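Notes follow the structure.
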Amino acid sequence: MYPRRWRWPALLCFIFSILFLFRQFPFQILPSPHRFPYAQKNCPASPPYPSFKPPPGRRFNWRDIDTQYPVQDFQRLPKTPSKNDLPRVQYNFEEDPPSLYEELMRKRRQAAVRAAFSRSWTSYKQRAWTKDELQPLSGGSKTTFGGWGATLVDSLDALWIMDMKDDFEEAVAAVAHINFKPDGEVNMFETTIRYLGGLLAAYDLTDCKDSRLLEKAMELGDMIYASFDTPNRMPVTRWDSIKAANGIKQSPAANGIIAELASYTLEFTRLSQLTGDMRYFDAVSRITDILEQQQNATKLPGLWPVGVDVQTPDLTQDSLFSLGAMADSAYEYLGKTFQLLHGTGKAGQYKKMYQSSMDAVIEHLLFRPMVPDQADILMPTNVRVNGLSHIQQDHTAQHLACFTGGMLALGGRLFQNTTHVEIGQKITDACVWTYRHAPHGIMPETFTMHACPTLDVCPYDTGKPSVHPGFASVSDARYILRPEAIESVFYMYRITGDSAYQDIAWEMFQAIDSRTRTQYANAAIQDVMSDKTERIDSMESFWLAETLKYFYLVFSDPALVSLDDWVLNTEAHPFRLKG
Ligand SMILES: *[C@@H]1O[C@H](CO)[C@@H](O)[C@H](O)[C@H]1NC(C)=O
Ligand SMILES: *[C@@H]1O[C@H](CO)[C@@H](O)[C@H](O)[C@H]1NC(C)=O
């Protein structure tokens with residue numbers, strides 16, 4: 001027993017220790033999944049005011065880092081709720097309902113896609129849980145994008161959409177423990193489209209009820225926003241997070257990439273819509289203003305070159321223009337951000353930029369492939385501008401550029417231009433053509449085709465050298481489980497209602513699944529042009545996040561993730577358009 005005179009001090013000591021523990025570990029002691037004070041009844045129709053702040057936790061807090069170059073005036077989203085009176089995007093499927101046989105067929109195909117997803121997901125859970133990627137041949141795991149669990153976060157909304165709700169719940173519980181702490185160089189583009197996009201979409205799909213997801217999106221948003229702390233408020237896209245955490249100044253790249261500069265728009269706009277925090281919307285609006293100012297001053301007016309000087313910023317010097325690698329989503333996000341803004345406020349700027357850029361795309365970036373069956377197809381390619389507007393196409397086709405079909409079809413609906421829908425269809429059909437006519441039914445990563453002299457059909461010239469009929473040369477014969485072709489097939493199906501696209505999708509799915517399937521999941525292929533389809537021990541997170549999601553959605557009821565209610569980011573993460 002203590003002597004009597006020690007009792008009170010001992011008791012006080014005990015009370016203080018308890019209080020101290022609570023201060024240190026409030027979340028361990030109270031592990032309520034809905035601790036977030038701002039849990040929503042449903043998704044806000046206008047940005048909440050005052051804006052949300054993530055509750056203080058024990059994780060690294062990027063808001064605590066001092067701002068070097070503070071912003072004086074913030075561009076803001078309109079305070080009034082946005083009305084969604086944009087033109088209809090999807091085909092009116094109610095008008096001609098499918099037959100019983102078609103419904104049965106659709107559901108069987110959809111079940112096959114879901115089974116493939118479930119197989120890869122189960123292996124990820126068993127062998128690579130919370131790691132960036134599963135290695136589908138060895139059954140190991142690897143770190144590729146920051147080590148925060150790229151596949152885990154990227155797959156959240158697909159789990160929800162495929163009605164794997166137990167797995168979704170388990171995944172969200174794991175996501176809640178991610179700590180976005182400083183850890184070397186970060187690729188901000190991939191972090192934004194995969195992680196931030198994944199978190200926002202998952203939150204939107206829960207009807208804004210699972211606040212753990214918004215909380216995590218805000219933590220990550222704070223980190224990404226810190227990479228905008230530069231003299232001209234342009235982002236550092238390959239950002240040293242350790243330097244940033246230590247208050248060491250960084251500048252935007254003098255030799256940057258247009259896609260990395262111009263692909264924050266959709267995610268940051270959504271984050272501001274959901275939190276009321278206008279820092280994000282302001283940050284992307286500054287980029288948008290510069291894109292608009294310089295759009296007509298480049299070597300190919302209407303388009304921005306692949307290489308850009310973000311430091312000045314000067315987007316007019318480089319001479320290579322493309323819809324493929326390093327450019328793609330800069331264009332994709334113009335029409336989509338217009339849609340996310342419901343055509344109000346700054347949306348007019350995005351509309352104008354979409355129209356000018358697509359005029360230039362249609363005039364300069366397409367060619368008519370010379371193919372044995374004279375199919376009615378158009379392929380996007382790269383252009384070099386030499387000297388005084390000498391414009392030269394290289395007739396390269398890239399799997400990455402196959403998203404263009406879907407982009408034009410969506411834009412054609414949003415801006416009521418049937419020419420865009422028709423061209424989008426011909427581009428989609430070109431990608432499908434290369435799938436169908438490649439040896440294993442899978443399009444390679446990068447190759448060239450012979451071009452007709454004009455955009456009109458021309459006879460096939462058998463005298464021209466080719467590695468395979470229709471394929472002139474193949475510089476990168478891999479297939480790395482990419483989504484862009486099925487993405488455009490999905491858009492064409494939802495927009496035209498033509499069920500031929502479901503049959504095409506089924507053909508593509510069977511070719512891909514059978515050639516890429518491994519003991520554990522699905523793996524990239526080294527050479528889709530050769531007899532033996534040797535595989536690579538890699539399964540990027542977009543296999544689950546995009547490729548299989550688009551396959552699933554092609555075979556789902558068109559009301560699931562309707563293109564009139566949702567806009568998908570460049571990693572196939574759907575953001576809500578209606579409250
Ligand atoms: C760029 O040119 C197009 C077509 O000539 C025009 O419609 C658009 O307004 C111009 N953009 C700017 C920012 O001047
Ligand atoms: C449709 O798009 C084409 C190509 O971009 C353009 O030349 C034409 O003016 C547009 N038509 C309308 C009605 O906007």
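Just so it is clear, the model here is predicted, and its values are computed rather than measured. Computed from heavy atoms alone, side chains included, the values below leave out hydrogens, waters and symmetry copies. Atoms within a ligand are numbered from 1 in the order they appear, just like the ligands themselves.
The closest heavy-atom contact to atom 7 (O) of ligand 1, among the options Ser356, Gly302, Ala360, Ala297, comes from Ser356. Residue nearest to atom 8 (C) of ligand 2, selected from Ile423, Val361, Asn417: Asn417 (by heavy-atom distance).
Checking only distances, Glu292 never comes within under 3.5 Å of ligand 1, N or O to N or O. Checked by distance only, ligand 2 and Asp359 come closer than 3.5 Å through their nitrogen or oxygen atoms. Considering backbone and side-chain N/O of Gln416, none are found under 3.5 Å from N/O of ligand 2.
For Arg194 and Phe145, the positive end sits near the middle of the six-membered ring, less than 6.0 Å away and at most 45° from its axis.
Of the protein's heavy atoms, at least one falls inside 4.0 Å of atom 14 (O) of ligand 2. For atom 5 (O) of ligand 1, the nearest protein heavy atom lies 4.0 Å or farther away.
Of all atoms in ligand 2, numbered sequentially from 1 with element shown, those under 4.0 Å from a heavy atom of Ile362 are 4 (C), 5 (O).
Of all protein heavy atoms, the one closest to atom 9 (O) of ligand 1 is Lys352 CE, 3.4 Å. From the protein, the heavy atom lying nearest to atom 10 (C) of ligand 1 is Asn296 ND2, 2.4 Å.
Each of Tyr225, Phe228, Tyr333 was checked for a ring-ring contact (aromatic ring centres under 6.0 Å, His included) with Phe268, and the lone residue meeting it is Phe228. When the options Val113, Val554, Asp157, Asp154 are evaluated for a side-chain contact (heavy atoms from CB on, under 4.5 Å) with Lys549, the one that passes is Asp157.
Salt bridge Asp222/Arg279: present, at least one basic N to carboxylate O contact under 4.0 Å. No salt bridge links Arg482 with Glu540; every basic N to acidic carboxylate O contact stays at or beyond 4.0 Å.
Between Tyr195 and His573, the gap from one ring centroid to the other reaches at least 6.0 Å.
Ring pair Tyr550/Tyr491 is tilted by interplanar angle, where 30° to 60° counts as tilted.
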